[in-house]
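Heavy atoms only: backbone and side chains are in, while hydrogens, waters and symmetry mates are out. Each residue takes its place number in the sequence, starting with 1.
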Amino acid sequence: KQREAQYASWKKNNIPSRFQIPIELQSYRDDYSTKYYVIYNPSYKTGVGYIPSNLVRYYEEEAWAAYQKLGADAPSLSIVLAQQFTESAFNPKAIGDEKMSIGLPQLYRKTAKKLYKKNKKLWQEYFYFDKNGNHHFRSTRAMVKFPFTFLPTEKNYDFDNQLESIKSYNGAGEEAIKYAEKVMKRSLFYEELFAQNNLIPLDTAQFQKNLFGIINLTLIARDENPIDHEL
């Protein structure tokens, strides 16, 4: 049923093949489970998660919708998958930071309050606060859609600013650099896997941009100046 819904969505929303998550990268999961599986890559010394089958259609539809709106400046599917796997291992029920962070994107309560204060009309479509002041996502789809909106509007994400945007998602300092490096490496791995299993050319612009980001992260960690992209 999940697979049939995915195929129907491809036709209904005219989703291009490069936004389609290959069957080989999916693992079956129903809405009551939090189980996940990992593909490990020795070259990157890290792994990425197989995308749970009950989330696949959401990621495809939201990535394609964001691209239609922002073009190449939209958060890429590989970036969002890498980030949400890093944050929650694709577990919508994940709770962290002493119950202050929730869901797939691990939205921090203080961040949620700031977003409401800044633009409640926009963010109330994604999450709400109960009478005790705790925040809750309205749905699993809202969790998937969240970074496609949050990164461009709040973290200045665009094609040329991926690195700084991802780095600022997790605070500042050395930990933020390590976090960004992990996400960027995983996004590279996803890009390779998409190309291998989708029988489409590798998105070299996206791949090169992510690789360039990892190089600069290494330089920054060494207290050296990052390299200009044009150079």
Are [X] and [Y] near enough that their ring centres are under 6.0 Å apart?
{"X": "Tyr36", "Y": "Phe90", "answer": "no"}
{"X": "Phe137", "Y": "Tyr126", "answer": "no"}
{"X": "Tyr128", "Y": "Trp123", "answer": "no"}
{"X": "Phe127", "Y": "Tyr116", "answer": "yes"}

If you measure from [atom1] on [X] to [atom2] on [Y], what distance do you get to the nearest 0.5 Å?
{"X": "Leu163", "Y": "Ile215", "atom1": "CG", "atom2": "CD1", "value": "11.5 Å"}
{"X": "Thr111", "Y": "Tyr169", "atom1": "OG1", "atom2": "OH", "value": "8.5 Å"}
{"X": "Lys178", "Y": "Asn170", "atom1": "NZ", "atom2": "CG", "value": "12.0 Å"}
{"X": "Lys93", "Y": "Ser88", "atom1": "NZ", "atom2": "OG", "value": "13.0 Å"}
{"X": "Leu188", "Y": "Ser78", "atom1": "CG", "atom2": "OG", "value": "8.0 Å"}
{"X": "His136", "Y": "Leu107", "atom1": "NE2", "atom2": "CG", "value": "11.5 Å"}

Restricting to non-hydrogen atoms, name the atom on [X] and the atom on [Y] that form the minimum distance, rounded to 0.1 Å.
{"X": "Pro75", "Y": "Pro147", "value": "CG-O, 3.9 Å"}
{"X": "Ala180", "Y": "Ile166", "value": "CA-CG2, 3.9 Å"}
{"X": "Ser187", "Y": "Met184", "value": "OG-O, 2.7 Å"}
{"X": "Ala74", "Y": "Ala66", "value": "CB-O, 3.4 Å"}
{"X": "Gly96", "Y": "Gln106", "value": "N-OE1, 3.3 Å"}

I'd like to know if the side chain of [X] and the backbone of [Y] have a donor-acceptor N/O pair within less than 3.5 Å.
{"X": "Thr153", "Y": "Thr149", "result": "yes"}
{"X": "Asn41", "Y": "Ser43", "result": "yes"}
{"X": "Arg138", "Y": "Gln124", "result": "yes"}
{"X": "Gln20", "Y": "Ile15", "result": "yes"}
{"X": "Asn134", "Y": "Asp130", "result": "no"}
{"X": "Trp64", "Y": "Pro16", "result": "no"}
{"X": "Arg186", "Y": "Thr46", "result": "no"}
{"X": "Thr86", "Y": "Ala82", "result": "yes"}

**Asked** Any idea how Tyr67 and Phe19 line up, ring-wise: parallel (<30°), tilted (30 to 60°), or perpendicular (>60°)?
**Response**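 Judged by the thresholds at 30° and 60°, the geometry between Tyr67 and Phe19 is tilted.
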**Message:** Val38 vs Val48, test: side chain to side chain contact (heavy atoms under 4.5 Å, CB included). Steps then yes/no.
**Reply:** CA-CA 5 Å; Val38 175; Val48 298; over 6 Å; no
Distance-only donor-acceptor hits, side chain of residues 155-162, under 3.5 Å, sequence neighbours excluded:
{"residue": "Lys155", "atom": "NZ", "partner": "Ser168", "partner atom": "O", "Å": "3.2"}
{"residue": "Tyr157", "atom": "OH", "partner": "Gln162", "partner atom": "NE2", "Å": "3.4"}
{"residue": "Asp158", "atom": "OD1", "partner": "Asp160", "partner atom": "N", "Å": "3.0"}
{"residue": "Asp158", "atom": "OD1", "partner": "Asn161", "partner atom": "N", "Å": "2.8"}
{"residue": "Asn161", "atom": "ND2", "partner": "Asn156", "partner atom": "O", "Å": "2.7"}

Ignoring hydrogens and angles, state whether a donor on the side chain of [X] or [Y] is under 3.5 Å from an acceptor on the partner side chain.
{"X": "Gln26", "Y": "Ser53", "result": "no"}
{"X": "Gln84", "Y": "Tyr59", "result": "yes"}
{"X": "Gln6", "Y": "Glu60", "result": "yes"}
{"X": "Tyr179", "Y": "Glu87", "result": "yes"}

**Item:** Worked check of salt bridge (Lys or Arg N to Asp or Glu O under 4.0 Å) between Glu164 and Lys167
**Value:** CA-CA 5 Å; Glu164 288 301 318; Lys167 191 170 67 172; 3.2 Å; yes
Looking at side-chain heavy atoms only, is the closest gap between [X] and [Y] below 4.5 Å?
{"X": "Leu77", "Y": "Tyr190", "result": "no"}
{"X": "Lys113", "Y": "His135", "result": "no"}
{"X": "Pro152", "Y": "Leu70", "result": "yes"}
{"X": "Ile39", "Y": "Leu193", "result": "yes"}

**Whether over 12 other heavy atoms sit under 6.0 Å from Tyr32 OH** = no
**Asked** Near Glu174 CD, under 6.0 Å, is it more than 12 heavy atoms from other residues, nucleotides or ligands?
**Response** no
**Item:** Evaluation steps, side chain to side chain contact (heavy atoms under 4.5 Å, CB included), between Leu219 and Ile227
**Value:** CA-CA 8 Å; Leu219 293 173; Ile227 300 171; 3.5 Å; yes
**Prompt:** Taking only residues two or more places apart in sequence, or in another chain, which ones meet Tyr58 in a side chain to side chain donor-acceptor pair (under 3.5 Å)?
**Reply:**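 Tyr58 satisfies side chain to side chain donor-acceptor pair (under 3.5 Å) with no other residue.
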**Message:** Checking Lys145 against Glu61 for the salt bridge (Lys or Arg N to Asp or Glu O under 4.0 Å) test, could you report, in this order, the C-alpha distance in whole Å, the side-chain angles of both residues, the deciding distance, and whether it holds?
**Reply:** CA-CA 9 Å; Lys145 185 177 180 179; Glu61 291 175 359; over 6 Å; no
**Request:** List, by chain and number, the other hydrophobic cluster members for Met100, where Ile, Leu, Val, Met, Phe, Trp and Tyr join if side-chain heavy atoms come within less than 4.5 Å, directly or indirectly.
**Result:** Tyr108
**Message:** Applying side chain to side chain contact (heavy atoms under 4.5 Å, CB included) to Leu104 and Leu55, what does each step give before you reach the verdict?
**Reply:** CA-CA 11 Å; Leu104 292 170; Leu55 300 179; 4.3 Å; yes
**Request:** Give a yes or no on whether a salt bridge exists between Glu62 and Arg141, defined as a side-chain N under 4.0 angstrom from a carboxylate O.
**Result:**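 Answer for the salt bridge query: yes.
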**Asked** Are Tyr28 and Tyr37 linked, directly or through other ILVMFWY residues, by side chains that come within less than 4.5 angstrom of each other?
**Response** no
**Stepwise side chain to side chain contact (heavy atoms under 4.5 Å, CB included) test for Asn197 and Ile23** = CA-CA 8 Å; Asn197 291 285; Ile23 294 171; over 6 Å; no
**Asked** Think Arg109 forms a cation-pi with Phe129, using NZ or CZ under 6.0 Å from the six-ring centre and within 45 degrees of its axis?
**Response**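 No cation-pi geometry.
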